[in-house]
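Values in this document were obtained by computation on a predicted structure and should not be read as measured data. In listed order, ligands and their atoms are each counted from 1.
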Amino acid sequence: MQSPNNLSLLLLYGRACLEELHLDEAREVFTRALEQDPDQTDAMLGIAKVSFMEGDTSGAAVRAERVLFLEPSNAQAHLLLSRVYLSEHDRNKAIEHFDRAAQIDGTMSDPALERELGRTARDARKTAPAPAPEPANQEAPLPGGVDADEFFDDPFDDPPYDWRPETFYAPGDPERSRVTFADVGGMEELKEEIRLKITYPLQFPDLYKAYGRKTGGGILIYGPPGCGKTLILRAVAGEVPCNYLAVGLHEIFDPYFGSTERNLHQIFETARANAPCVLVFDDLDSLAQDRRQIRESQMRNLVNQFLHEMDGIRSENQRILVIGATNQPWALDPAFRRPGRFDQAIFVPPPDAPARAQIIELFAKDKPISNFDNAALIEATNGFSGADLKWVFDRAAELALSAAIHSGQPVPITLELLLAVAKAHEPTTQTWFEGVRTHEQQAAPDSIFNDMRKFLNAPSNSKKER
Ligand code: ATP
């Protein structure tokens, strides 16, 4: 990586990692970019965003301020600072930076932040000075018309509270993910289960009534990293014809005592008020930890609250589907797996040959690939996760691109190149399978993991663990 062009590649790659929430990788890539150019503001801002997503708000603020020192009109740095201040409950400062970003970049729009601040980028562009914080009774309406007064009846409404979800999409929302099930290779059982629980009931309500079938419930998706759990959660937004609410951990955790449970309650309240709704939790293990392993009472309260909310879904409203994803199913509190909560567990293994064929086809689409023989690559990538396959294509593209830059001619991505890259790559799921064996020996048998056990015990799979 010596040519100046590779700095651009690194930045592109870092941004892609950030988008996919591969935070460690994003940090590493941006750090490599900074090694080449210590004043590279995009890389600095990339690391600031990673810090923010990891909950290190002061680290994020310091880096964003440094970006503004080097480049005072960097709208993205102002936006990030707005988020930092909002998370630290300094609404005035948050609005000040939000307005500054909107004034610098006339095309800027950040609906999630706008919802939280109760202020649009257009307002900000009209008024140069930052306004005072909005009084509570002039808050923007909650999505789907949730009445703020409703919250006065619950135990969490003192003081008045204005939580807004970052990722809430109604059907037809132009910002809603365009990723659909067609973009996810394999996982046919899971796709059908999601359709059965939320899509078909909305399409055929009379049929469901006639057969006495209920809508919604809880599905737990578990399996090794990189096998598409997050991807399918995003695809649900593009697939299901109802409201969609995805919750980031940073939206729930709050250092103030009691606030975390209250945030979680508001999330479920919002889903209930907007039913039918799919409510999605990625990294479920961070929220639903086994209480026997928890020391802090605050965390235990959160788990109790979560269990309580899941019961509410069962008793009050059948039109909410909660989908939780984890790669550490053994870390969950067993109470979550009781009937009516996450009673359905679906194992997402590394893709089998037909699923790899689909994924390879997806990744090969729109790329300058010559001599392409799917079968050889499918065979060579036995045991690879979807993320491993993506890496193979990205790496091969990077190498072909670099050759094209140096030769001044288009260089196609060949099967030989893809095979060579695949051969040099160890499937990243191996460590996970090793960990599973240890947990299997220590943990009490749990029928929910039957599918995973079956997969591990199948002779054709034991060699993938190598
Ligand atoms: P983790 O447990 O670490 O969160 P994950 O199972 O959620 O991992 P993803 O983040 O969804 O994995 O996958 C990473 C990337 O790998 C996806 O963004 C996508 O590019 C690719 N990928 C993984 N599985 C698939 C798949 N089944 N079809 C298409 N692409 C996939």
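- Sorted by chain then number, the residues whose non-hydrogen atoms approach ligand 1 to under 4.0 Å are Glu20, His22, Asp183, Val184, Gly185, Met187, Pro224, Pro225, Gly226, Cys227, Gly228, Lys229, Thr230, Leu231, Asn327, Ile359, Phe363, Gly386, Ala387, Lys390.
- With sequence neighbours excluded, the residues that form a ring-ring contact (aromatic ring centres under 6.0 Å, His included) with His78 are His97.
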Can you list the steps and then say if Phe281 with Phe306 is a ring pair (Phe, Tyr, Trp, His ring centres under 6.0 Å)? CA-CA 12 Å; Phe281 293 93; Phe306 201 164; 5.1 Å; yes
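- For the side chain to side chain contact (heavy atoms under 4.5 Å, CB included) with Asp282, the lone residue among Leu249, Val247, Ile323, Thr230 that qualifies is Thr230.
- Looking at residues two or more places apart in sequence or on another chain, you find a salt bridge (charged side-chain N to carboxylate O under 4.0 Å, His left out) between Glu192 and Arg195.
- Residues satisfying the salt bridge (charged side-chain N to carboxylate O under 4.0 Å, His left out) test with Asp290, not counting sequence neighbours, are Arg292.
- Residues Phe455 and Phe347 place their aromatic rings such that the two centres sit under 6.0 Å apart.
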